[in-house]
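Comments concern the structure below.
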Amino acid sequence: MTYRSGSTPMAVEAVGLTRRYPKAGRAAVQDVGFTVASGEVLALVGPSGCGKSTTLKMIAGLEPLDGGSLALDGVDATSTRPEKRRVGWVPQSYGLFPHLSVAANVGYGLAARRVPKSERIDAVREALRLARVSDLADRSPRQLSGGQRQRVALARAFATDPRVLLLDEPLAALDPQLRDELRSELATILHASGRATILVTHDQHEALSLADHIAVLRDGRLEQCGSTEELWHRPANPFVAAFLGRATMIRGTATPTSSVRLAGDWEIPLDVLDGPRPEPGQACDVVLRPKSFDRAVTGGLPLRVLRSEYLGDTVRLHGLMGHSDTELVVELPAGAGVTDWVALIPRPDSISITPVAREKVLA
Ligand SMILES: Nc1ncnc2c1ncn2[C@@H]1O[C@H](COP(=O)(O)OP(=O)(O)OP(=O)(O)O)[C@@H](O)[C@H]1O
């Protein structure tokens, strides 16, 4: 039991979730835990097959748990039937019925549960308002754009008054431009709804802009779960760093002259380190992102360019740090030509440096 008297229980508390499909070798999900408060959005991210959908299904009650426990609003729900969990599911394809109006689609779940008509009308009106589609109530799903369909699917989930909303790749069915436009609107709707939301996405931009917290899964296991800022600035390992935004995480060593020495004799100054300063000789994890550098006018850190990609405003360089074999991806403003070697100066505000405790280095 996760509820402590005097404290507000978490809307979702998953502890050690484990699912082993029959006849499968390894567990699809192994020992995954996280919490989500009401009004918060958690993004489950990770490569294809890492266990995101299975985790979502365990919370909805569509897959049983082979280990661990699940509490909803502080009450154990590990074996609760799906229809009793008050969990709203928005599938990737939205699953709207083409022969029903938007309002009838939104009220479908309530009608199936024989909710009285007057209550149903109020609930549908409120759900349409929350999802910002009140003006579409009489249309058929065929007369809607992709973005409108997505919001109607959300309204249908809202109508049943769920305490938890589960969204499976909410923007995946939309074209890239519409996806960008809808991202911020969806964030506003989800936060205004006051529900706990768990969404699955492949897209790091979606995770960073929609979610308060992110859980990164890999091969069924949780690599890291924390606030978006925490994962961005202090990724637990190179996999998490790379997954959220092409970052490269490199282990370096603090020098006596307030810098960190990395591969290829690169030195990054410790100017903007906001946490505790490392002692000389102490190991540090340094997260370098494509936009962590400008082109140096004189001197600078040498990047040996292996390949370049023209991206319009910028050029993306794939290279090696100095004479080392450590790879790095850097994006610089397009315009100045690309040569075999490019000199860079670090932009300290976009580089994260975390001193590593000595015990962790030895472990
Ligand atoms: N019904 C099933 N029976 C057996 N194995 C399954 C079943 N469903 C999923 N799996 C396996 O479990 C693992 C996790 O699958 P899951 O669908 O949860 O991953 P995912 O992260 O959602 O993937 P994607 O991003 O591709 O949708 C995969 O190896 C998958 O092949």
Side-chain angles (χ1 to χ4, degrees), residues 12-36 41-70 72 77-82 85 87-95 146 149-150 153-154 157 164-176 179 182-183 186 190 196-211 213-226 228 231 235-246:
V12 180
E13 180 151 2
V15 180
L17 293 185
T18 300
R19 174 65 180 142
R20 200 167 282 108
Y21 287 109
K23 298 188 188 138
R26 67 170 173 81
V29 173
Q30 175 85 51
D31 201 18
V32 168
F34 49 79
T35 56
V36 193
V41 180
L42 171 78
L44 290 179
V45 304
S48 185
C50 70
K52 302 180 295 291
S53 303
T54 303
T55 304
L56 220 55
K57 286 178 189 163
M58 284 194 277
I59 294 163
L62 304 174
E63 285 293 344
L65 275 63
D66 294 315
S69 64
L70 175 73
L72 299 175
T78 310
S79 309
T80 306
R81 291 213 306 275
R85 292 188 183 203
V87 166
W89 177 280
V90 181
Q92 208 176 105
S93 55
Y94 312 145
R149 268 186 218 138
Q150 196 247 359
L154 260 185
V164 184
L165 266 181
L166 303 178
L167 275 59
D168 189 3
E169 298 269 3
L171 301 173
L174 308 173
D175 66 54
R179 211 179 293 170
L182 272 183
R183 226 191 276 141
L186 183 59
L190 293 179
T197 303
I198 302 177
L199 64 91
V200 158
T201 177
H202 277 99
D203 181 330
Q204 44 118 341
H205 293 298
E206 230 162 273
L208 290 166
S209 61
L210 289 174
H213 291 89
I214 300 179
V216 182
L217 297 176
R218 180 193 200 182
D219 295 338
R221 292 179 180 271
L222 189 63
E223 291 282 313
Q224 189 174 8
C225 183
T228 48
L231 267 77
N237 54 47
F239 176 83
V240 174
F243 200 83
L244 289 181
R246 285 180 169 272

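Remember, it's a predicted structure, so these values are computed and weren't measured experimentally. Side-chain atoms are counted along with the backbone in the values below, which use heavy atoms only and exclude waters and symmetry mates. Indexing begins at 1, ligand by ligand and atom by atom, following the structure's order.
- At least one heavy atom of Gly51 sits closer than 4.0 Å to an atom of ligand 1.
- Annotation: side chain of Val87 is in contact with side chain of Leu72 (closest heavy-atom distance under 4.5 Å).
- Of all protein heavy atoms, the one closest to atom 12 (O) of ligand 1 is Ala28 CB, 3.3 Å.
- Annotation for Ala60 and Trp89: closest pair CB-CE3, 3.8 Å, computed over non-hydrogen atoms.
- Listed here is the closest heavy atom pair of Val216 and Leu231: CG2-CD2, 3.5 Å.
- Checked for salt-bridge contact, Arg19 and Asp66 meet the test: a charged N lies under 4.0 Å from a carboxylate O.
- Within a 6.0 Å sphere centred on NE2 of His202, other residues, nucleotides and ligands contribute more than 12 heavy atoms.
- Taking the side chain as every heavy atom from C-beta outward, Leu171 and Glu206 approach each other to under 4.5 Å.
- When non-hydrogen atoms are compared, ligand 1 lies under 4.0 Å from the side chain of His202 (C-beta onward) but not from its backbone.
- Under 4.0 angstrom from ligand 1, the non-hydrogen atoms of Ser53 come from both its backbone and its side chain.
- Scanning both residues, Pro170 and Val200, for their nearest heavy atoms gives CD-O, 3.6 Å.
- Residue contact check for ligand 1: Arg19 places no non-hydrogen atom closer than 4.0 Å to it.
- The shortest contact between atom 25 (O) of ligand 1 and any protein heavy atom is with Lys52 NZ, 2.8 Å.
- Looking at ligand 1, you'll find an N or O of Thr54 within less than 3.5 Å of one of its N or O atoms.
- Side-chain N/O atoms of Gln224 and Asn237 include no donor and acceptor closer than 3.5 Å.
- In terms of heavy-atom proximity, Val29 sits nearest to Leu17 at CG1-O, 3.4 Å.
- Inclusion of Cys50 in the set of residues having an N or O under 3.5 Å from an N or O of ligand 1 is warranted.
- Checking atom 31 (O) of ligand 1 against the protein gives no heavy-atom contact under 4.0 Å.
- For ligand 1, the polar-atom distance check against Gly49 finds a nitrogen or oxygen pair separated by under 3.5 Å.
- The protein heavy atom nearest to atom 9 (C) of ligand 1 is Tyr21 CE1, 3.4 Å.
- Using a 4.0 Å threshold on non-hydrogen atoms, atom 4 (C) of ligand 1 counts as touching the protein.
- Taking any N or O of Ser48, backbone or side chain, at least one lies under 3.5 Å from an N or O belonging to ligand 1.
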